[in-house]
Number of protein chains: 2
Amino acid sequence: MSNTISVGYAIKQAQSLLHLRMEEALKPLGLTVSHYSCLHRLRVEPGISAAVLARRTFVTRQSMNVMLQQLIDRGLVARPSQADTGRALPTVLTAAGDDALDAASALIDAVEHRMLATLSAPETDALARGLTACIAALAHEASAAEAPAAEAPALATATGTAPPSR
Amino acid sequence: MSNTISVGYAIKQAQSLLHLRMEEALKPLGLTVSHYSCLHRLRVEPGISAAVLARRTFVTRQSMNVMLQQLIDRGLVARPSQADTGRALPTVLTAAGDDALDAASALIDAVEHRMLATLSAPETDALARGLTACIAALAHEASAAEAPAAEAPALATATGTAPPSR
DNA sequence: TTGCTCATGTCAGTATTCTGACATACAGTG
DNA sequence: CACTGTATGTCAGAATACTGACATGAGCAA
């Protein structure tokens with residue numbers, strides 16, 4: 001067994017701890033990590049639908065709609081009440097949301113920087129490549145034959161791997 | 001920007017995906033990942049208290065007690081109704097729990113193996129060391145000056161990093 | 001002994017997220 | 001055109017995890 005078997009536990013521990021530190025960092029802003037993820041993704045992909053947003057941030061559509069409503073109430077994001085074409089309602093950051101995201105990003109980046117502080121550049125690269133390989137290896141649903149790759153995008157542009165794929 | 005900043009997202013994605021695959025793998029056994037974590041830890045540290053168990057598995061004492069009650073109802077773990085000495089109730093696996101854990105471990109190990117399948121031994125080591133460094137770097141509560149290392153235990157023997165430390 | 005501190009177990013209430021189900025709107029095929 | 005399939009938004013309910021609070025018991029100092 002040795003190390004091989006406990007990388008999963010290390011990932012869990014790292015994620016749990018990172019989440020905790022990010023929550024602490026964002027607390028002064030009154031934002032949660034989920035809120036931040038949502039805002040961050042809206043900057044990367046403006047005008048995205050709530051369903052896509054949900055997949056990108058690893059929650060269900062239902063949860064995302066609850067979160068979006070909170071952010072709308074606070075004036076950080078905006079969404080038309082009616083769709084132009086289909087059913088998808090394009091969601092965007094407001095000016096206030098943009099400012100809030102700037103402030104939050106600075107705090108989050110500091111946490112990430114701290115997390116990686118003791119690693120050299122090659123070590124950080126190795127870590128990133130290792131994680132990317134893990135993600136790619138788990139991207140498909142176990143047995144069932146799958147489309148070639150299509151997934152496992154660059155770190156910052158992950159295509160999303162929502163919990164339910166329905 | 002670059003990679004440096006998105007390692008956190010990669011960790012989140014990897015953890016989310018790993019959790020999903022583990023849930024799928026355990027479904028035939030009627031166990032959740034949380035249940036598995038609990039049983040696994042009880043094998044590593046038999047006779048542990050529920051509070052310590054909670055810290056080890058990243059949940060609160062309250063949540064752990066709910067989970068333990070489920071496992072007790074299913075006959076997988078046992079716990080005396082009264083403490084010998086303090087208030088802590090030593091919890092242990094039953095024979096049935098031991099068997100269930102064996103079955104679950106085989107499935108979980110397969111998922112982990114699949115996750116790491118495309119990585120060479122040195123790459124896996126680099127990944128594990130990188131994660132361990134991240135955990136160590138985040139182990140302390142933000143600001144406060146800290147002792148050198150002290151933490152960063154071996155992967156499989158993590159000291160625990162519960163959500164609330166109270 | 002008394003008093004203080006800390007850890008554990010537990011109760012109650014809240015918040016968040018999920019599962020399940022349904023209606024709507026586009027894209028494709030016959 | 002009608003029909004099927006897929007995707008989105010939404011409602012309702014249940015499960016899960018959390019925060020807050022309290023009582024109990026051990027350890028330690030005065």
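So that the names make sense, note that chain A is the first sequence line, chain B the second, and so on, each numbered from 1. Just so we're clear, the structure is a prediction, and the values are computed from it rather than from any experiment.
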Nearest whole Å is fine: how far is C:dT16 C1' from A:Leu71 CG?
14 Å
Of B:Leu89 and A:Val66, the one whose closest nucleotide on DNA chain C sits nearer the 5' end is B:Leu89
If you compare every side-chain N and O of A:Asn65 against the phosphate oxygens of D:dT10 (OP1, OP2), does one of them come in below 4.0 Å?
yes
Nearest to the side chain of B:Ser63 - D:dC18, C:dG9, C:dC18?
D:dC18
OP1 or OP2 of C:dT8 under 4.0 Å from side-chain N/O of B:Arg55
yes
Side-chain donor/acceptor contact of B:Gln62 with base of D:dG20 under 3.5 Å:
yes
CG of B:Leu20 versus C1' of C:dT17: gap in Å, rounded?
15 Å
Between B:Arg114 and B:Asp109, does any side-chain N to carboxylate O distance fall below 4.0 Å?
no
Stepwise, does the side chain to side chain donor-acceptor pair (under 3.5 Å) test hold for A:Ser16 with A:Gln13?
CA-CA 5 Å; A:Ser16 177; A:Gln13 188 175 7; over 6 Å; no
To the nearest Å, give me how far apart CZ (A:Arg61) and P (C:dT19) are.
11 Å
Let me see the working for B:Ser37 and A:Lys12 under side chain to side chain contact (heavy atoms under 4.5 Å, CB included), right down to the final yes or no.
CA-CA 11 Å; B:Ser37 298; A:Lys12 179 179 176 181; 3.4 Å; yes
Looking across every strand, which nucleic acid part, if any, lies under 4.0 Å from B:Gln82 by heavy atom: base, sugar-phosphate, or nothing?
nothing
Regarding the side chain of B:Val59, the nearest nucleotide among C:dG9, D:dC18, D:dG9 is D:dC18
Answer yes or no on whether B:Arg41 is positioned over the face of A:Tyr9, meaning its NZ or CZ is under 6.0 Å from the six-membered ring centre and within 45° of the axis.
yes
Thinking salt bridges, do A:Arg21 and A:Glu24 make one under a 4.0 Å N-O criterion?
yes
I would like to know whether B:Arg79 and B:Asn65 meet side chain to side chain contact (heavy atoms under 4.5 Å, CB included); could you show each step before the answer?
CA-CA 11 Å; B:Arg79 192 158 73 137; B:Asn65 275 324; 3.4 Å; yes
In residues 81-89 of chain B, what donor-acceptor pairs under 3.5 Å come from side-chain atoms, sequence neighbours left out?
none

Kindly say if A:Thr60 contacts the phosphate of C:dC18, meaning a side-chain N or O under 4.0 Å from OP1 or OP2.
yes
note: A:His35, atom NE2; C:dT16, atom C1'; distance rounded to Å ~ 10 Å
What is the separation between atom CE on A:Met67 and atom P on C:dT16, rounded to the nearest whole Å?
10 Å
Does C:dT17 have its OP1 or OP2 closer than 4.0 Å to a side-chain nitrogen or oxygen of A:Ser34?
yes
Could you check how far CD of B:Gln70 sits from P of D:dA17, rounded to whole Å?
8 Å
Interatomic distance, B:Leu131 atom CG to A:Leu131 atom CG [nearest 0.5 angstrom]
5.5 Å
Taking atom P of C:dT8 as reference, at what distance in whole Å does atom CE of B:Met64 sit?
13 Å
Students often get this wrong, so: under 4.0 angstrom with heavy atoms, is A:Ala50 touching a base, only sugar-phosphate, or nothing?
sugar-phosphate
Please give, in whole Å, the distance from D:dC11 C1' to A:Gln69 CD?
14 Å
Pairs under 3.5 Å (N/O, protein and nucleotides 23-28 of chain D):
{"from": "D:dA23", "atom 1": "N3", "to": "B:Arg87", "atom 2": "NH1", "distance (Å)": "3.1"}
{"from": "D:dT24", "atom 1": "O2", "to": "B:Arg87", "atom 2": "NE", "distance (Å)": "3.3"}
{"from": "D:dT24", "atom 1": "O2", "to": "B:Arg87", "atom 2": "NH1", "distance (Å)": "3.2"}
{"from": "D:dG25", "atom 1": "O3'", "to": "B:Thr85", "atom 2": "O", "distance (Å)": "3.3"}
{"from": "D:dA26", "atom 1": "OP1", "to": "B:Thr85", "atom 2": "O", "distance (Å)": "2.3"}

